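Heads up, the thing below is written out as structure tokens.
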Protein chains: 2
Amino acid sequence: MSQQRHGSTPGNAPGDRAGAVAAFPDLPEATIARLPEYLRALHNLGDTGSDTISSEGLAAAAGVNSAKLRKDLSHLGSYGTRGVGYDVTLLIEQIEYVLGLHQRRAVCLVGLGNLGHALAGYDGFASRGFKIVALFDADASKVGEEVDGLTVRHIEDLGRVAVEENIAIGVIATPAGAAQAVADVLVDAGVTSILNFAPCVLSVPANVDVRKVDLAIELQILSFHEHRKASLIALPGGRSATADDQEAVGS
Amino acid sequence: MSQQRHGSTPGNAPGDRAGAVAAFPDLPEATIARLPEYLRALHNLGDTGSDTISSEGLAAAAGVNSAKLRKDLSHLGSYGTRGVGYDVTLLIEQIEYVLGLHQRRAVCLVGLGNLGHALAGYDGFASRGFKIVALFDADASKVGEEVDGLTVRHIEDLGRVAVEENIAIGVIATPAGAAQAVADVLVDAGVTSILNFAPCVLSVPANVDVRKVDLAIELQILSFHEHRKASLIALPGGRSATADDQEAVGS
DNA sequence: AGGCGCTTGTGAAGGCGTGCACAAATCGCG
DNA sequence: CGCGATTTGTGCACGCCTTCACAAGCGCCT
Ligand SMILES: NC(=O)c1ccc[n+]([C@@H]2O[C@H](COP(=O)([O-])OP(=O)(O)OC[C@H]3O[C@@H](n4cnc5c(N)ncnc54)[C@H](O)[C@@H]3O)[C@@H](O)[C@H]2O)c1
Ligand SMILES: NC(=O)c1ccc[n+]([C@@H]2O[C@H](COP(=O)([O-])OP(=O)(O)OC[C@H]3O[C@@H](n4cnc5c(N)ncnc54)[C@H](O)[C@@H]3O)[C@@H](O)[C@H]2O)c1
């Protein structure tokens, strides 16, 4: 993960694709994580009339502080007009370009169980710049099954198909025990981004990015806050009179 | 959200439930988010022999820095032995107590579409201290359906059932357009923690915690890194010779 | 043309989180 | 009983991120 900094050429507009292979402003990770939120808010706003949006308005729609929003957007090079706001369509274009959404990314999904089926049928992929191009499973009884227009293939074919379809992102929806093995297969096939739904840590080469979605972690964080809230609040309001350090569910 | 610090009474073991209503060490959010990871790693290690685990070993299993792990654990009050490590079962007990997992939390799920069905059938809830006690949907054709041992109820009944079952956590798996309305219903019913799968921001009172899981955001973050990697790397190794600023998917 | 109100972009300050490096503590063994 | 090996707990420094506050810039109205 080499870093690269360049103070010059701030005008890196989506229009001038000529020298577009050039370097990237190295955005803070925190900013990158928020750009998709801004993008969604912009798309929602796009329908509702106005051509421009103020940082205050967009920040409200995205649920963040307006100063933060301005700083985030300033990192990708000033596309607002003082006294007016940001041009909605231009800003959408700019953010989509930075996120690499100007090209449709090929995604494969591994593991067609409970969760895998839901993901395969999810239209949120296509509507946001991604396309599921292949489904894989190890279970012979699943291979050949047709899911949402795609035929489930055996995981052994992953290496070949990944190259054919130029797959960049792999989604793992297998049990935790199989996840590392699947990750290895994906890495061998040249996939450099992995989204992992299995509750386990994956070890991959440094050039591969892994993000994980763990339902249990989210719930446990919420549980902590419940616990804290219940232990701090004495008994004002609501039905919280029931002591927290007792049974919550019937049995 | 008042803060409270106490240097005394470091022995706040999960055993002495007598004065357990007392204050909480105000843990950093970042630490809280990692505790579930440690817990999972500990459970995995629990089966494999040894009674104690070193910070180095546990850190490796959880995929974090060992210094970070020690600092995290130190926040909940020193349960390790110098020269030896941490007692596995004791540490599990302690973390589970801090996370409020000593009691089983009642969870309800709203929206039994594609994703909702997968979540309802997920065994990762029960195995980690949660219990789905009710399912809700607005679609009359879904109400009455039996899913994984529970009957889908109409969302109008949510208020009543939430009190009956003492529901603390609500999971939203409806389309984005309905999510805010569902959140309002949950809040009115006294639910103070929400896990939101719909791609939208929810506005709730300050005492309600919301966490969101957004697939599209995760993918777009990965997409950004793909874009960056492709624009930085010239053409060494792999099959990355294909220019990034071109088509990725067939059409 | 000039002034006024509005909004962006950013300097600076403060807070939070991370990781190093080491002192303190404990165990096992001779 | 003492010593060395080992591992925890933490002081400290550094960097990232957030937030405030305000100057600079832009458009509109008179
Ligand atoms: N179901 C949910 O709502 C949910 C929610 C959050 C996380 N998860 C996690 O997602 C993962 C999948 O959950 P699920 O409920 O769909 O499980 P599942 O058992 O229903 O499905 C797992 C699928 O993976 C396939 N598989 C197993 N080993 C494989 C391998 N080596 N290569 C390819 N495919 C393989 C199986 O054949 C099966 O089809 C689990 O790790 C689970 O913890 C599930
Ligand atoms: N399917 C996935 O894999 C997936 C992944 C990530 C996020 N999501 C998100 O999760 C949500 C659900 O996705 P889905 O694919 O299951 O959609 P879906 O359309 O299949 O299911 C939505 C369900 O919500 C119910 N519903 C609608 N309005 C309601 C209301 N006011 N009260 C109660 N129930 C109501 C509908 O009757 C339906 O059963 C969406 O917001 C989607 O963006 C889905």
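Each chain gets a letter, A, B and so on, in the order the sequences are listed, and its residues count up from 1. Because the structure is predicted, anything quoted here is derived from the model rather than measured.
Under the 4.0 Å criterion applied to side-chain N and carboxylate O atoms, Asp209(B) and Lys229(A) are assigned as salt-bridge partners.
One finds the CG atom of Leu215(A) at 6.0 Å from the CG atom of Leu119(B) (value rounded to the nearest 0.5 Å).
Arg211(A) pairs by the salt bridge (charged side-chain N to carboxylate O under 4.0 Å, His left out) definition with Glu218(B), not counting sequence neighbours.
dC16(C) atom C1' lies 13 Å from atom CG of Asp26(B), rounded to whole Å. Rounded to whole angstrom, the span from the CG atom of Asp72(A) across to the P atom of dT8(C) amounts to 14 Å. In this structure, Leu69(A) places its CG atom 12 Å from C1' of dG9(C), rounding to the nearest Å. Distance Leu27(B) CG to dG17(C) P: 11 Å, rounded to the nearest Å. Rounded to an integer number of Å, the gap from CG of Asp87(A) to P of dG27(D) is 13 Å. dT18(C) atom P lies 10 Å from atom NE2 of His75(B), rounded to whole Å. Atom-to-atom, CG of Leu76(A) to C1' of dG9(C) comes out at 13 Å; the value is rounded to the nearest Å.
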Query raised in the report: Tell me, for nucleotides 6-13 of chain D in 5' to 3' order, what letter each nucleotide earns: B for a base near a protein heavy atom under 4.0 Å, S for only sugar-phosphate near one, - for neither?
Result: BBBBBBB-
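A side chain to side chain contact (heavy atoms under 4.5 Å, CB included) with Ser55(A) holds for exactly one of Asn65(A), Leu73(A), Leu69(A); it is Leu69(A).
Residues Pro36(A) and Leu99(A) form a side-chain contact, since some pair of their non-hydrogen atoms from C-beta on lies under 4.5 Å apart.
Applying the salt bridge (Lys or Arg N to Asp or Glu O under 4.0 Å) rule to pairs touching residues 27-38 of chain A yields Arg34(A)-Asp72(A), Glu37(A)-Arg40(A), Glu37(A)-Lys212(B), sequence neighbours excluded.
Between Asn65(A) and dC17(D) there is no side-chain N or O to OP1 or OP2 distance below 4.0 Å.
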